[in-house]
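Heads up, the thing below is written out as structure tokens.
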Amino acid sequence: MPAEPLPLFLSSVKLKYVKLGYQYLVNHLLTFLLISTMVAILLELARLGPEQILSLWRSLHFSQVQLLCSIFLAVMAATFFFMSRPRPIYLVDYACFRPSRTCRVPFSTFMEHARQMPFFDEKSVRFQLRILERSGLGEETCLPPANHYIPPQSSMEASRAEASLVIFSAIDELFAKTGLKPKDIDILVVNCSLFSPTPSLSAMVINKYKLRSNILSFNLSGMGCSAGLISIDLARDLLQVHRNSYALVVSTEIITPNYYSGNQRSMLLPNCLFRMGAAAVLLSNRRRERARAKYRLVRIVRTHKGADDRSYRCVYEEEDDEGNAGINLSKDLMAVAGDALKANITTIGPLVLPASEQLLFLLSLIGRKIIYPAWKPYIPDFKRAFEHFCIHAGGRAVIDELQKSLDLSAEHVEASRMALHRFGNTSSSSLWYELNYIEAKGRMRRGDRVWMIGFGSGFKCNSAVWKCLRTIRTPVEGPWSGSIHRYPVHIPEVVKLL
Amino acid sequence: MTAGGRRVTVYAKSTAVSGTPVRPGKTYPLSSLDHLMGRHTLHLVFYYRPGPTLDRDGLKESLSEVLSHYPAATGRLSRGEDGGWIVKCNDAGVRLLDARANVTLEEWLGSASAEEEMELAYWEPMGDDPSIWSPYYIQITEFEDKAFAIGLSCTHMHADPTCATLLVRAWADSHRRACIAYAPFLHPPAFLPRPDPRPSHPLLSLKSSSAPFASNSKMSSATFRFSDLAVKSLLADLQPDASPFSALAALFWSRIARAAGVPPGPGELTLVVDVRKRMHAPLPHGFYGNALHFSRARADLAAGVAHVVDELGRHVAGLPEDEVWAAAEWAHERRHRGEEAFQMYGPELTCFALDHLMAYGAAFEKEGEGGRPAHVSYRVGGAEGEGLVVVLPAAEEGAARTVMVTLPEEVAKTICRDDAILRYGPTVMFAGRV
């Protein structure tokens with residue numbers, strides 16, 4: 001990346017200190033300027049005696065009315081400023097669904113079932129085997145009970161049973177953790193992309209927990225794996241309008257009705273990667289909750305590339321030649337994801353990066369435009385903006401791609417890789433499993449910033465930035481409780497299946 | 001009896017996996033004694049009365065937990081380098097069938113035939129591909145009154161009746177949240193040949209070299225439940241200090257010989273005995289695999305049943321350990337010559353001593369709530385010929401025993417009406433063609 005003429009200079013140790021000095025100076029520029037100005041004024045005031053200061057004051061000829069008006073204006077400006085700021089949104093707590101051990105799907109069982117299904121031909125079986133071997137999944141991922149049958153039962157009743165199981169279990173755990181009563185919930189947002197019964201899943205939650213009749217409920221479907229962050233965004237907007245409220249956001253993906261029973265390769269991937277999972281998140285804008293809230297929502301940035309046809313058709317649910325419905329993942333998926341990510345980080349960059357990085361990026365941009373077009377663009381170092389990264393565990397390729405393009409270390413993507421290994425691709429709830437991993441490892445300290453990146457069909461790339469409000473102590477009660485001591489594990493490139 | 005329609009419907013097939021993953025790369029080689037049993041299958045049915053914690057989902061959960069202790073049961077068979085079978089412990093799980101019966105348990109026990117009983121233990125023989133074939137099939141059948149029947153079918157190569165029983169017993173212990181009483185003990189080198197092997201097994205050599213049994217007579221089965229008093233009175237009539245097994249085996253042998261038209265005189269009976277606790281270094285009860293010994297007992301049927309009782313008792317008590325080792329070495333040699341399995345149970349009349357089984361201790365409900373099984377049935381598949389007599393424990397404690405016979409149809413009919421047997425007032429169940 002550095003220009004050829006100065007290799008020795010750039011690799012010297014002294015340059016590291018120059019860089020650090022530069023970053024401190026630029027990031028805290030205002031502070032430096034303010035402090036130097038204040039020091040100058042104080043020195044000046046100290047030089048003048050108290051009588052001279054008084055006479056200076058009197059010479060300004062302020063009348064009482066003018067004084068009162070200016071104070072009044074100042075107070076009004078301050079009030080206006082404080083009232084127009086957005087309400088802080090606190091994440092009080094969240095809970096993830098913990099699958100029972102009877103739902104576990106070892107690779108050998110998955111392959112055995114695939115071989116026994118009459119609708120899969122030999123090539124499809126071998127393809128699924130290859131996918132599993134390279135998927136980055138472990139032997140403890142779970143599928144819903146209906147998928148354990150030969151052939152899988154994908155009735156509406158089975159789908160509702162899975163929805164009840166995952167959603168109610170996550171919400172029960174959240175209520176137990178936060179001590180919240182169901183009657184206190186003012187806003188409910190449920191997102192589940194592929195299963196949308198009537199009445200909706202949000203109605204199912206309201207029915208089960210006997211929520212209030214004036215609840216604001218929303219059910220988002222069809223929005224893909226990034227719908228979790230879209231639900232948080234919706235809840236946040238609602239919490240700006242409604243004061244002193246609690247919002248319950250439930251993210252899940254119901255696997256039961258979506259087993260693909262055909263032989264088209266581009267549609268077989270979801271069978272191999274998608275697993276059962278759900279998360280329930282409690283958001284609030286009550287000032288009182290700040291004391292016990294875990295995180296504060298700093299920013300959400302949503303990018304939608306649906307205007308571009310290639311991105312739109314990238315993840316497409318359709319029927320194959322034999323009439324079996326499935327989700328078709330096109331070959332351009334990685335390229336499209338890369339584009340969407342670039343668009344998203346171009347937007348979020350200026351909002352979160354420290355001034356030093358932004359200045360460098362601006363200079364490199366100006367330099368490329370005016371001076372030397374062939375200069376490589378400066379990729380801002382997002383590691384300076386965030387301590388933790390939660391990348392949607394969509395698949396091993398997605399995590400590898402992001403690690404490369406954002407230049408992240410193995411520890412930064414560890415949460416994503418381990419969540420993929422332990423739980424599989426749980427779609428919109430995967431970000432919460434990853435966050436829980438970081439907490440369970442005891443790495444979450446007060447003041448840490450977390451960047452959640454979700455990708456979804458459409459093609460969408462959504463980011464959320466959270467700031468940790470209190471250090472989270474281990475042991476953490478959650479989906480990783482029984483297994484965190486075994487992680488991180490080394491995940492081989494290819495797992496040889498017997 | 002069935003009136004046209006089937007009373008048992010199997011409505012779903014799934015796979016039950018263990019709760020904890022198996023360490024990858026584990027294998028379990030089958031012993032030579034296991035290989036000998038290749039032609040046979042085992043079918044067990046445990047009947048349970050309704051109970052508060054007895055429900056399908058709970059049973060499946062405890063099954064998952066117990067399978068974590070049995071990595072060999074959840075593995076798949078494959079051919080090893082020497083051509084013998086080894087189990088690749090690949091964590092694939094056991095096949096689980098869900099079924100429903102539209103009668104109550106009492107009605108079933110009173111009226112079901114032998115053939116119907118086999119519908120409670122689903123079985124699929126090995127197809128072309130052993131790597132996707134589960135050696136265990138477990139069926140959970142729910143009766144109309146919420147009673148349950150747990151059927152377990154497996155290949156005899158993996159387990160003998162003791163092993164299969166203790167699997168169900170471990171499952172019951174796990175369901176009750178109790179500690180597993182007889183934990184499985186996987187020890188492949190248990191029956192490896194001695195340093196100076198002396199292989200010899202005249203009985204099995206004879207069986208293996210004879211032509212395979214081809215008969216067109218159908219086999220029938222019947223179950224006789226003898227109460228404690230009945231067995232005690234039988235012992236009083238014959239030999240007061242004999243074991244219930246010897247007495248019942250002798251009684252049935254003499255009656256079957258007469259029914260089959262064998263002229264009274266010196267005769268031989270094949271006895272099958274579990275040798276786990278008969279070795280100088282005894283194997284734990286939970287030893288996984290086959291630990292059975294086939295031997296020939298001789299007695300003069302014309303000299304009266306009491307004499308036969310004596311002879312059988314002496315034979316079983318005095319079984320030399322040397323013979324067991326010689327048998328294991330013979331089996332080992334045979335396997336290395338690459339010869340196929342042959343019929344072990346039969347074609348001659350065989351008697352199986354299984355009254356040491358702890359089947360009735362497999363209680364899924366806690367103590368005092370009647371969680372013990374109402375009845376346990378055992379059947380061995382592939383035992384064609386003159387028949388098989390199995391002496392099993394019974395629900396009642398003490399000297400009570402259950403005797404299951406599988407005989408040629410005509411002989412079975414005669415035995416079911418035989419006075420000498422019916423004199424002791426046994427309950428006859430599950431009679432009929434298999």
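Residue numbering restarts at 1 for every chain, and letters A, B, ... go by the order of the sequence lines. In this text the structure is predicted, and so the values were computed from the model without any measurement.
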Study note, to complete from the structure: Scanning both residues in full, the closest heavy-atom pair of B:Asp91 with A:Ser108 reads C-OG, 3.5 Å

Check your understanding: Minimum heavy-atom separation for B:Ala92 to A:Glu112, with atom names?
Key ->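 Scanning both residues completely, I find the closest heavy atoms to be CB-OE2, 3.5 Å.
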
Point to revise | B:Lys146, NZ: over 12 other non-hydrogen atoms inside 6.0 angstrom | key: no

**Study point:** Rounded distance [0.5 Å steps], NZ in B:Lys60 versus OG in A:Ser100
**Key:** 11.5 Å

Point to revise | B:Leu63 side, atom CG; A:Thr102 side, atom OG1 - distance, nearest 0.5 Å | key: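 Rounded to the nearest 0.5 Å, the CG-OG1 separation comes out at 10.0 Å.
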
Practice item. Pull out the residues in residues 65-86 of chain B that come under 4.5 Å of chain A, heavy atom to heavy atom, sorted by number. Key: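 Those residues of residues 65-86 of chain B which have a heavy atom under 4.5 Å from chain A are B:Arg76.
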
Point to revise | Salt bridge flag under 4.0 Å for residues B:Arg23 and A:Glu139 | key: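 No salt bridge links B:Arg23 with A:Glu139.
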
**Study point:** Check: A:His113 and B:Ile132 side chains under 4.5 Å, non-hydrogen atoms
**Key:**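 Heavy-atom side-chain distance check fails, nothing below 4.5 Å.
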
Review point. Do A:Arg115 and B:Ser131 have side-chain heavy atoms sitting under 4.5 Å apart?
Key: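 Side-chain contact under 4.5 Å: yes.
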
**Study point:** Modelled atom types, side-chain donor and acceptor of A:His148 and B:Thr15, under 3.5 Å
**Key:** no

Review point. Any luck finding a side-chain donor-acceptor pair between B:Thr20 and A:Arg104 under 3.5 Å?
Key: no

**Study point:** Side chain, backbone, both or neither of B:Asp57 within contact of chain A (heavy atoms, under 4.5 Å)
**Key:** neither

